[in-house]
Number of protein chains: 2
Amino acid sequence: MAEGGFAAFSAREVAKRIGYSIGTIYNVFGSLDRLVLAINSRTFGLWADAMRDHLAVAGEDRIAALVDAYFDFAEGHPHLWMAIYDHRPPAETPLPEDYLPRRAALLGLVESEIARAVPGADAAALARSLVATVHGHCAFALGGTFALLGERDPRGAALARVRETLSANAPRASGGDRP
Amino acid sequence: MAEGGFAAFSAREVAKRIGYSIGTIYNVFGSLDRLVLAINSRTFGLWADAMRDHLAVAGEDRIAALVDAYFDFAEGHPHLWMAIYDHRPPAETPLPEDYLPRRAALLGLVESEIARAVPGADAAALARSLVATVHGHCAFALGGTFALLGERDPRGAALARVRETLSANAPRASGGDRP
DNA sequence: TATAATAATTAGACAGCGTTCAATTTTAAC
DNA sequence: GTTAAAATTGAACGCTGTCTAATTATTATA
């Protein structure tokens, strides 16, 4: 998956590489969808770890560190990152038991920083929306859309948008986060 | 494509439905990638038309109309819309001749409105970034991510983010678009 | 109109895919 | 050592994208 991405991914290739037969893959995971979900669940864990590492060595601008960590992981593991969003299993496909907790943990990291940066606001709602904002920039960056449109600093644009939102939702003054 | 989406799309099925053989499809389009690109190119045209229709009947809040048009088209043709972003052809795949112009026309619609709303700013850069912002919200809405995270008003969130950015980049005062 | 040249169309062949399942091998328990 | 349970296998099925030789249809020319 990390090599060829979601489109080139195949259960048969997995079986070949780990030295098992295709049948065993299906006995363990049940379907290709659930195998991919297991991989994506693992990716959420890796992603959260990378985010925590970034935050641990971050200076006082933890928001910039967050955005950087987001982009760094996506650019460092583009196929793993894209597989999360490229894969659209049928709604009834059961999720691996770790899937939701790991995904929630990842969002929780963001939410904590938002809550710290903007104490009064609805941190959960802001976190969801700002993750969507950064995701949009990251998706356009990795997918080539930004290159097509002449955008050369996706990170900078994403960070600018995040800062604008945090400023606008800051507790007291509405013009910035610095008196 | 509109029925089953990108994952379920097949050149053989297309051939069957239009009453031609699979070979003819390949003589005309050359590869599945280029067939999908032709479909996506058409989708950009449909999308731009829908945006223009929305703007034509919009009130004075043209920014809200823009965001609404974006979401309306994506929600009205989810598979067509997703196919644009789900499809990742090899970089060397030649694009249909209308592909780039149509895509540019779509962005141009946004850019014009941004330029009107925020006269002084770099409308092109803002348009790219705000489209990414709205795209992120739309992708999370259609992909189910927002449902998973408890977000119930993706449109409202997207519009709020756009307004914050426009306010922050407004020519004179930095606190709002209304004196 | 008859013929030659060009274009359009076809369907079979190939390798690979996800999925299923009866048969087999390995492991564990007694 | 024997039996019960678990794990593993790979062939079979219908599907996919892609290629290509053969065929048909169309057009231009004599």
Side-chain angles (χ1 to χ4, degrees), chain A residues 1-44 77-99 142-144, chain B residues 1-44 77-99 142-144:
Chain A
M1 179 68 87
E3 286 174 30
F6 175 67
F9 183 75
S10 106
R12 277 187 149 94
E13 183 68 21
V14 170
K16 200 176 299 178
R17 295 205 191 183
I18 65 177
Y20 281 81
S21 77
I22 176 65
T24 298
I25 298 285
Y26 272 79
N27 288 335
V28 173
F29 292 99
S31 73
L32 183 71
D33 281 327
R34 293 173 64 185
L35 168 56
V36 174
L37 283 171
I39 291 173
N40 287 346
S41 180
R42 169 179 170 276
T43 301
F44 281 126
H77 315 275
H79 287 139
L80 286 183
W81 184 80
M82 286 181 173
I84 292 173
Y85 303 102
D86 287 348
H87 181 229
R88 297 186 208 285
E92 66 272 19
T93 311
L95 300 174
E97 57 174 342
D98 279 347
Y99 187 90
L142 297 210
Chain B
M1 179 68 88
E3 287 175 29
F6 175 67
F9 183 75
S10 109
R12 277 189 150 91
E13 183 68 22
V14 170
K16 199 177 299 177
R17 295 205 191 184
I18 65 176
Y20 280 80
S21 77
I22 175 66
T24 298
I25 298 284
Y26 271 79
N27 288 335
V28 172
F29 293 99
S31 74
L32 183 70
D33 281 327
R34 293 173 63 186
L35 168 56
V36 175
L37 283 171
I39 291 174
N40 286 346
S41 179
R42 169 179 170 275
T43 301
F44 280 126
H77 315 275
H79 287 138
L80 286 183
W81 184 80
M82 286 181 174
I84 292 173
Y85 304 102
D86 288 348
H87 180 229
R88 297 185 209 285
E92 65 273 17
T93 311
L95 300 174
E97 57 175 343
D98 279 347
Y99 187 91
L142 296 210

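Note that these values count all heavy atoms, side chains included, but never hydrogens, waters or copies made by symmetry. Order of the sequence lines sets the chain letters (A, B, ...), proteins ahead of strands, with each chain counted from 1. Model, not experiment: these values are computed from the prediction.
Legend: side-chain hydrogen bond (donor to acceptor under 3.5 Å, both in side chains) pairs involving residues 18-32 of chain A, not counting sequence neighbours: none detected. Residues in residues 81-91 of chain B take part in these side-chain hydrogen bond (donor to acceptor under 3.5 Å, both in side chains) pairs, two or more places apart or across chains: D86(A)-R88(B), R88(A)-D86(B), D33(B)-H87(B).
Within residues 24-31 of chain A, the residues that place at least one heavy atom under 4.0 Å from DNA chain D are, in residue-number order, T24(A), N27(A). A heavy atom closer than 4.0 Å to some atom of DNA chain C occurs in no member of residues 79-89 of chain B. The stretch residues 2-14 of chain A touches DNA chain C through F9(A), S10(A), A11(A), R12(A), each having a heavy atom under 4.0 angstrom from the strand.
Residues L80(B) and N40(B) come closest through the heavy atom pair O-OD1, 4.4 Å. Of all heavy-atom pairs spanning P94(B) and L37(B), the tightest one is O-CD1, 3.9 Å.
Scanning for ring-ring contact (aromatic ring centres under 6.0 Å, His included) contacts around Y99(B) gives F44(B), with sequence neighbours left out. With sequence neighbours excluded, the residues satisfying side-chain hydrogen bond (donor to acceptor under 3.5 Å, both in side chains) with E3(A) are R17(A). E92(B) is linked by a side-chain hydrogen bond (donor to acceptor under 3.5 Å, both in side chains) to nothing, counting only residues two or more places apart in sequence or in another chain.
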Tabulate atom names and distances for all N/O pairs under 3.5 angstrom spanning the protein and nucleotides 23-25 of chain D.
none

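You can see that DNA chain C meets the heavy atoms of chain B within a 4.0 Å-exclusive cut from dT9(C) to dA13(C), reading 5' to 3'.
Each of G19(A) and L32(B) has a nearest nucleotide on DNA chain D; the 5'-most of these lies closest to G19(A).
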